[in-house]
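These notes concern the structure reproduced below.
Just so you know, ligand 1 is whichever comes first in the structure, and atom 1 is the first atom listed for that ligand. All residue numbers in this chain count up from 1 along the given sequence.
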Amino acid sequence: MSNDSAGRIVAALRAWIATAPPGAQLPSNRALMVEHGASPVTVQKAVRQLSALGLVESRPGVGTFVRTVRQARPADYRWQTAALGAPRARLSGLSSTQRASVPDAIALHSGYPSKDLLPERLVRAALARAARTEAALMRSPAAGLPELQAWFASQVDDAAPVGVTAPSARDVLIVAGSQSGLSSIFRALVGPGQPLLIESPTYWGAILAAEQAGVTLVPVPTGAHGPDPDDVDRAFAATGARAFYAQPTFANPTGTRWSADTGAAVLDIVRARGAFLVEDDWAHDLAIDADPQPLVGHDDDGHVIYLRSLTKSVSPALRVAAVIARGPARERILADRAAETMYVSGVLQAAALDVVTAPGWSAHLRGMRHQLRARRDLLIDSIGAHAPEAHIEHLPMGGLNVWARLPDGTDVDQLVRECETQGLLIAPGSEWFPAEPSGPFIRLNFSGENPSRFAEAGEVLGHALRTVA
Ligand SMILES: Cc1ncc(COP(=O)(O)O)c(C=O)c1O
């Protein structure tokens with residue numbers, strides 16, 4: 001008997017159930033077999049389907065019965081309002097970058113690259129190999145697979161100048177994505193009510209993680225070459241903060257990079273203030289016009305807490321990143337990791353290591369750089385041609401995004417909605433500001449599907465800008 005036979009029995013029983021009182025017993029399986037000329041397997045399958053639909057319940061050894069219908073009434077959650085009180089941090093819900101894409105829309109809102117930019121062949125082969133290793137069945141050490149820790153450490157070591165003692169493999173803690181690393185760092189090294197200096201604009205997820213940790217944000221304006229070191233020093237002095245979260249390389253959202261002078265000056269300030277610099281090197285593998293030179297390579301004494309993620313260059317599905325921290329700070333972060341997740345899946349770590357040590361990895365990074373450059377230039381040209389009101393202040397030297405300033409007074413939310421009705425998804429810039437936005441901005445990701453539609457995207461944006469003006 002086929003699936004259709006089971007379907008026919010389900011249909012017949014549904015009609016019967018519709019008129020039967022709750023609690024009525026269904027005919028026995030044997031009776032159903034005879035009635036429908038069906039095998040026991042087909043009858044059992046039909047009964048399982050009815051059970052999955054919530055229409056019947058089976059009592060082993062007794063029979064199958066029509067489920068008692070419970071009175072549907074709206075749940076009363078008011079008690080939770082009193083139990084929970086007011087939220088500690090503003091509740092922002094999902095970021096607009098995490099909105100699901102609509103079929104046929106041009107999606108420039110997301111933060112992750114499309115599949116065709118990823119090393120698909122390497123990832124699939126690595127996952128198949130990892131599944132055959134011991135890692136598939138074992139618990140990973142809390143700090144991570146030693147070989148992967150060593151790989152992350154060697155990456156920093158390669159970039160460190162002579163005379164600086166680079167972090168060792170032991171200083172590397174493997175985390176499930178750098179988002180999770182940020183939460184641990186803010187909880188473990190800053191803590192509720194304590195101040196944290198943060199660039200403005202900066203990554204919305206860092207703002208969210210800090211707010212969830214109860215940290216008090218202290219925005220420091222940043223620009224084409226990074227923040228003004230005097231502003232950083234003044235903010236440390238005024239607040240007594242002991243940590244500064246920053247993206248010196250290819251910042252999200254602007255794509256800019258700190259000058260070498262700014263990096264050196266901020267490191268000096270951090271040392272003088274006895275503070276941490278939380279260096280988020282999220283776009284290390286997403287360089288376009290310049291090579292990344294992380295500040296962690298210049299730090300001997302554990303002032304720099306460094307984050308490096310593979311989720312955008314290897315695969316968002318592997319979700320492997322590293323936090324590098326030295327001294328007691330390492331122990332504090334490790335304790336937080338243990339409390340949160342204990343360890344990261346060894347299979348995912350083994351697969352990530354396999355990809356980044358594969359012979360094809362460097363060629364993949366080179367290819368990705370070309371593709372990102374071509375996509376970035378295509379999008380910028382299209383905006384210049386069709387939406388010149390959207391002003392791109394800085395050419396992004398790396399990363400995945402273009403950050404555009406709109407004419408003063410533009411209602412960005414209205415613009416986003418207008419674009420969406422025309423099939424273009426963009427992200428409103430307000431999410432990247434820890435306080436009020438300094439102007440109307442939007443962020444456009446050039447690493448999504450279909451760069452061939454960037455010209456169309458520029459046209460929609462230009463039209464929408466003129467509609468909302
Ligand atoms: C600056 C920055 N840091 C951290 C993250 C989080 O990355 P992951 O995917 O490793 O959690 C992102 C993601 O977009 C980001 O832009």
> Can we say R273 and D233 salt-bridge, meaning some charged N sits less than 4.0 Å from an Asp/Glu carboxylate O?
Replying inline: yes
>> Considering N252, N445, L310 one by one, which has a heavy atom nearer to atom 16 (O) of ligand 1 than any of the others?
In response: N252
> Can a salt bridge be assigned to the pair R453 and E456 using a cut-off of 4.0 Å between side-chain N and carboxylate O?
Replying inline: yes
> Near T311, which atoms of ligand 1 are under 4.0 Å from a heavy atom of that residue?
Replying inline: 8 (P), 9 (O), 10 (O)
>> Are W432 and F441 an aromatic pair, judged by ring center distance below 6.0 Å?
In response: no
>> Can you name the atoms of ligand 1, numbered from 1 with element, that are less than 4.0 Å from a heavy atom of S309?
In response: 8 (P), 10 (O)
> Given A251, S178, G205, G111, which has its nearest heavy atom closest to atom 7 (O) of ligand 1?
Replying inline: S178
> For residues R337 and S180, is any side-chain donor paired with an opposing acceptor at under 3.5 Å?
Replying inline: yes
>> As an exercise, identify every atom of ligand 1 less than 4.0 angstrom from a heavy atom of G177.
In response: 10 (O), 11 (O)
>> Salt bridge check, R170 against E331: does any charged N sit closer than 4.0 Å to a carboxylate O?
In response: yes
> Where the closest heavy atom to atom 13 (C) of ligand 1 is concerned, which of R319, Q247, R308, K312 has it?
Replying inline: K312
>> Just to confirm my output: which protein heavy-atom neighbour is closest to atom 3 (N) of ligand 1, and how far is it?
In response: D280 OD2, 2.6 Å
>> Do the side chains of D289 and R373 get close enough for a salt bridge, i.e. N-O under 4.0 angstrom?
In response: yes
> Under 3.5 Å, N or O to N or O, is Q179 touching ligand 1 that way?
Replying inline: yes
